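I have placed the structure first, in the form of structure tokens, so that the comments after it can refer back to it.
These figures come from a predicted structure and were not determined experimentally. Here, residue 1 is the first one in the sequence, and each next residue gets the next number.
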Amino acid sequence: AFAAIDEPGGTRHHELARHLAAHGHRVTVITSPISYLTGKEQTGRGKQVERVSARGDSAASPAGEVTILRTYVYPALHRSFVHRVLNFFSFMAASFLAGLTVRQVDLVWGTSPPIFQGLTAWLLAGLKRTPFLFEVRDLWPAFAVQVGVLRQPLLIRASEALEGFLYRRAGQVLVNSPGFVEHVLQRGGRRVEVVPNGADMGMFPAQAQRDEFRRAQGLEGKFVVLYAGAHGLSNDLGVALQAAAMLKDRAEIVFVFLGDGKEKPALQEQAARLGLANVRFLPPLAKQDMAPALAAADACLAILKPVPLYATVYPNKVFDYMAAGKAVILAIPGVIRQVVEEAGAGIAIPPGDATALADAVRRLAGDAELTRRMGERGRACVEARFNRVDLAERFRNVVEEMAAQKRR
């Protein structure tokens with residue numbers, strides 16, 4: 001799931017790759033042209049080279065470069081679980097062949113999910129005699145089992161065996177949440193490094209303009225609750241629509257769902273069935289275009305299904321919300337709740353509870369000063385602890401230390 005900063009979706013990998021390139025490294029990303037949000041092709045296949053200056057932006061005198069290779073992949077990502085597996089395995093084969101063409105490699109960095117591409121990265125690292133860095137962005141297959149997407153016992157056992165194999169074979173395992181560390185260690189990981197999700201403060205200037213976005217969407221004079229991100233099975237947005245139904249009598253409150261995903265058509269049907277005039281569905285925006293949308297919000301929503309393992313996650317959208325200076329309504333327990341509550345950056349509610357969500361919205365809509373203070377505290381927290389530039393520097397240290405092993 002790779003998205004460049006001019007595409008919708010999480011851009012962690014592109015931002016980290018650009019940081020490496022700004023310090024003189026040559027980074028090759030092997031990905032597919034299929035959007036993980038929609039399951040549709042959004043970028044043509046082929047090669048794209050991005051030269052990055054020492055200042056970290058495009059310039060005539062580059063320090064390094066990021067090459068993006070988009071390979072063939074079976075396209076029916078969201079049709080069914082079987083088609084999703086075919087998508088994963090086709091990318092395994094195509095990315096392996098693409099990886100063979102890359103020369104002068106000092107490190108192979110593989111990511112999961114899907115976990116199958118971790119196997120491709122391990123094979124390439126072995127063939128090229130380089131260290132293997134395995135990044136765990138979600139605890140797969142454990143998440144898929146708890147959500148109910150993965151049910152076949154034989155496939156579960158095979159996936160768990162592959163997971164343990166990759167943890168043991170990796171020179172280092174990288175995780176984006178401290179909640180993942182114990183899981184990885186229990187399943188064979190030896191060296192685990194945490195480089196958490198965060199936000200690039202430069203993408204969310206404190207004085208970002210909000211009026212134009214609000215005018216364009218007919219949101220003037222409204223208290224806007226924004227959800228930005230995937231509309232998938234795990235995101236539990238049906239609960240947010242139930243909360244919106246409870247607030248139909250508050251004409252000044254509007255819920256805005258910005259993004260795309262497999263469940264979006266069903267959510268739109270649900271909203272129509274409930275007669276929700278206080279709900280807007282908007283198409284996804286590229287990360288570099290998100291600042292006005294977040295600036296236009298009064299509060300932002302982060303929500304996941306009430307699945308026990310989701311207490312381990314650090315959702316990237318929460319850090320974007322906080323960086324944009326917005327109060328967070330958080331329907332996710334665990335480690336991310338600890339961050340939000342310690343910072344005083346929002347209101348935490350139980351997942352799956354539409355009444356609690358509606359109550360949180362009422363509270364913020366009725367107290368502009370509280371909402372403003374929460375936003376300010378969240379921005380200060382990200383700047384101090386989860387600034388992407390600082391986190392990317394930590395990542396660079398991991399990469400350079402591992403790459404040096406090849407040269408010894």
- Task: Return yes when atom CD of E182 has more than 12 non-hydrogen atoms of other residues, nucleotides or ligands closer than 6.0 Å, and no otherwise.
- Result: no
- For the pair Q117 and F88, evaluate side chain to side chain contact (heavy atoms under 4.5 Å, CB included) and give the outcome as yes or no after the intermediate values. CA-CA 8 Å; Q117 64 197 41; F88 292 162; over 6 Å; no
- Heavy atoms of A244 and V279 approach each other most closely as CB-CG2, 3.8 Å
- For atom CD of Q104, is the number of surrounding heavy atoms from other residues, nucleotides or ligands below 6.0 Å larger than 12? no
- All heavy atoms of T71 vs all of A98, minimum pair found to be CG2-CB, 3.6 Å
- Answer with yes or no whether the side chains of R12 and N197 bring together a donor and an acceptor at under 3.5 Å. yes
- Query: Side chains of S32 and Y72: do they bring a donor and an acceptor to under 3.5 Å?
  - Reply: no
- For the side-chain contact (heavy atoms from CB on, under 4.5 Å) test, which of D236, V147, V313 pairs with L304? V313
- Message: If the threshold is 4.0 Å, N to carboxylate O, is there a salt bridge linking D298 and R372?
- Response: no
- Message: Against E393, only a single residue in D390, V389, N397 fulfils side-chain contact (heavy atoms from CB on, under 4.5 Å); can you say which?
- Response: N397
- Where does the angle between the aromatic ring planes of H231 and F281 fall among parallel (under 30°), tilted (30 to 60°) and perpendicular (over 60°)? tilted
- Message: Between E252 and K222 (salt bridge meaning N to carboxylate O under 4.0 Å), is one present in this structure?
- Response: no
- Identify whether the distance between the nearest side-chain nitrogen and carboxylate oxygen of E400 and R396 falls below 4.0 Å. yes
- Message: Name the residue from F132, W122, F116, F134 that meets the ring pair (Phe, Tyr, Trp, His ring centres under 6.0 Å) definition with F165.
- Response: W122
- Task: Determine, for D359 against R362, whether the closest basic-nitrogen to carboxylate-oxygen distance falls under 4.0 angstrom.
- Result: yes
- For atom CD of Q288, decide whether the heavy atoms of other residues, nucleotides or ligands shown that lie under 6.0 angstrom number more than 12. yes
- More than 12 heavy atoms of other residues, nucleotides or ligands under 6.0 Å from CD of E212: is that the case? no
- Item | side chain to side chain contact (heavy atoms under 4.5 Å, CB included) evaluation trace for M290 with L258 | CA-CA 10 Å; M290 280 296 297; L258 191 157; 4.1 Å; yes
- Item | Verdict with reasoning, F96 to L124, per side chain to side chain contact (heavy atoms under 4.5 Å, CB included) | CA-CA 7 Å; F96 178 77; L124 288 170; 3.8 Å; yes
- Query: Do the charged groups of K287 and D320 touch, with an N to O distance under 4.0 Å?
  - Reply: yes
- Output yes when E401 and R394 qualify as a salt bridge under the 4.0 Å nitrogen-oxygen rule, no when they do not. no
- Can you label the angle between the Y314 ring and the F386 ring as parallel, tilted or perpendicular, going by 30° and 60°? perpendicular
- Query: Does a donor on one side chain sit under 3.5 Å from an acceptor on the other, for E163 and H183?
  - Reply: yes
